Protein chains: 2
Amino acid sequence: MEGISKESLQRLPTYLRYLNELHLNGIESVSSTTIADRFKLNPVTVRKDLAFISEDGGKPKTGFSVADLVAEISEFLGYNNTQDAVLVGVGKLGSALLGYKGFSNYGLNIVASFDCKTDIQIDSTKREINNISMLPDLVKRLGVNIGIITVPAESAQAVCDLMINSGIKAIWNFSPTHLITPDNIAIKNEDMAASLAVLSQRLTAILKNE
Amino acid sequence: MEGISKESLQRLPTYLRYLNELHLNGIESVSSTTIADRFKLNPVTVRKDLAFISEDGGKPKTGFSVADLVAEISEFLGYNNTQDAVLVGVGKLGSALLGYKGFSNYGLNIVASFDCKTDIQIDSTKREINNISMLPDLVKRLGVNIGIITVPAESAQAVCDLMINSGIKAIWNFSPTHLITPDNIAIKNEDMAASLAVLSQRLTAILKNE
DNA sequence: ATAATATCGATAACAAAGTATCGATATGTC
DNA sequence: GACATATCGATACTTTGTTATCGATATTAT
């Protein structure tokens with residue numbers, strides 16, 4: 001069987017949130033049509049997505065078992081075995097990510113944070129901030145695979161290189177740069193400018209039509 | 001001519017950043033191959049992207065004029081005529097976005113911020129935070145088109161509805177929910193869970209190969 | 001001048017993702 | 001029990017995006 005498509009993969013967490021809601025409300029089954037309506041998708045798209053991760057599939061007339069889907073998507077996305085991560089750059093955005101409780105639901109656990117200035121105070125969570133020089137040792141010692149970069153653009157590539165040299169295998173980059181990485185490293189550039197470009201183009205189209 | 005593809009559109013800001021660098025370094029022309037190498041793309045992809053926005057196109061042997069491309073991409077992305085936006089939810093993430101200087105480069109100007117608790121203090125920037133009840137009037141008065149949502153998931157849909165009723169036409173949603181919006185509203189859900197799903201799937205693939 | 005080469009744009013082939021169609025099958029109604 | 005219906009999965013088709021190919025053209029070197 002082929003791997004799941006990138007697009008499908010990105011829809012799964014969305015489905016899961018919705019299915020969890022249904023589950024909480026005691027709803028036991030759901031059809032692809034219902035899910036599709038919720039997210040303005042084509043029912044066939046939803047069925048194909050679910051076909052990848054669902055063991056038993058859906059039943060005619062009734063649809064899919066909500067409980068089964070919740071279990072299967074969670075498992076598929078790896079939400080059951082948590083991955084450790086380190087974060088570098090405890091500015092505003094970094095603090096925001098550190099303070100975000102939701103990551104635990106997504107199987108992500110930020111075990112340590114780093115900065116070059118170590119005198120920063122995180123008000124609420126009061127986690128310790130380590131000096132960046134401590135990163136390689138800690139990453140090696142704990143076998144951390146994921147690095148989150150929330151430093152300014154100027155220092156992002158240097159941090160990235162340091163992470164890779166320390167054994168990090170996946171990098172989630174929130175700085176406004178496209179990092180250069182070897183092929184055996186997973187990288188996700190979270191590009192605000194790209195998102196904004198899509199949004200404002202749609203806005204322009206809408207304004208033109210009115 | 002057809003509109004630009006979503007994928008191309010998202011690559012343009014990346015190109016622009018790179019081209020600005022080249023420009024600063026006094027480099028006057030660049031080939032599609034060079035750009036492609038920088039971002040691990042196919043040169044043909046780059047040429048097609050640039051064909052959409054470039055008036056004169058590139059010259060054989062030398063490539064494209066850096067200065068021309070910078071001007072044309074900036075113009076195409078609307079970076080020259082700034083759009084006003086309002087932000088609702090001045091928690092950590094909201095403050096981070098409010099404090100981010102880079103948006104001005106992307107033609108985005110956050111003119112006001114709102115929260116239900118109005119006693120929050122933003123340390124550095126010291127902008128005023130308005131009560132959410134002031135939003136409709138301000139949006140109508142200034143004719144603001146863009147709304148940024150950085151509230152918790154529970155209140156996101158309510159904020160969204162309020163924005164739309166006030167005349168907002170484009171919504172940039174950072175809360176972990178997929179908002180329901182009518183078709184004449186531009187919406188961009190910034191879904192961390194989806195990004196993370198892509199990253200960790202690639203990580204898994206890499207770990208498997210080693 | 002001539003030749004070699006890097007690059008372009010255009011066209012065509014290919015790949016990936018989304019959508020439509022259709023027969024099969026549970027469920028509920030008459 | 002027969003019939004209508006919502007839904008499924010499979011297959012085929014369409015659209016969108018990427019990659020390969022190729023002739024044309026500036027630039028540089030001989």
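Every chain is numbered from 1 and lettered A, B, ... according to where its sequence line falls, protein lines coming before strand lines. None of the values given here were measured: they were computed from a predicted structure.
Each ring-ring contact (aromatic ring centres under 6.0 Å, His included) pair with one or both residues in residues 160-210 of chain B, not counting sequence neighbours, appears once here: A:Phe39-B:His178, B:Phe103-B:Trp172, B:Trp172-B:Phe174. The salt bridge (charged side-chain N to carboxylate O under 4.0 Å, His left out) contacts involving residues 159-182 of chain A comprise A:Lys169-B:Glu210, where partners must be two or more places apart or lie in separate chains. Here ring-ring contact (aromatic ring centres under 6.0 Å, His included) pairs that include residues 64-83 of chain A, with residues two or more places apart or in two chains, are A:Tyr79-A:Tyr106.
Here A:Thr34 pairs with A:Tyr18, A:Val30, A:Ser31 under the side-chain contact (heavy atoms from CB on, under 4.5 Å) rule; sequence neighbours left out. The side-chain hydrogen bond (donor to acceptor under 3.5 Å, both in side chains) search around A:Lys61 returns none, not counting sequence neighbours. With sequence neighbours left out, the side-chain hydrogen bond (donor to acceptor under 3.5 Å, both in side chains) criterion links A:Asp37 to no other residue. Taking B:Gln10 as the reference, nothing meets the side-chain hydrogen bond (donor to acceptor under 3.5 Å, both in side chains) condition, with sequence neighbours excluded. Residues passing the side-chain hydrogen bond (donor to acceptor under 3.5 Å, both in side chains) test with B:Asn145, sequence neighbours excluded: none.
For DNA chain D, the neighbouring residues in residues 21-48 of chain B, judged by any heavy atom under 4.0 Å, are B:Asn42, B:Val44, B:Thr45, B:Lys48.
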Side-chain donor-acceptor contacts of residues 42-51 of chain B below 3.5 Å, not counting sequence neighbours, with atom names and distances?
unit_1  : atom_1 : unit_2  : atom_2 : d
B:Asn42 : OD1    : B:Val44 : N      : 2.8
B:Arg47 : NH1    : B:Ser32 : OG     : 3.1
B:Asp49 : OD1    : B:Ser8  : OG     : 2.7
B:Asp49 : OD1    : B:Arg11 : NH2    : 3.2
B:Asp49 : OD2    : B:Arg11 : NE     : 2.6
B:Asp49 : OD2    : B:Arg11 : NH2    : 3.4
B:Asp49 : OD2    : B:Tyr15 : OH     : 2.6

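Rounded to whole Å, the distance from NZ on A:Lys6 to P on C:dG18 is 12 Å.
With a heavy-atom cut-off of 4.0 Å to chain A, the contacted part of DNA chain D has its first and last nucleotide at D:dT5 to D:dA12.
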Grab the N/O contacts between the protein and nucleotides 27-30 of chain C below 3.5 Å, and write none if there aren't any.
unit_1 : atom_1 : unit_2  : atom_2 : d
C:dT27 : OP1    : A:Lys59 : NZ     : 3.2

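Side-chain contact between A:Val86 and A:Leu142 is absent, with no heavy atoms from C-beta onward closer than 4.5 Å.
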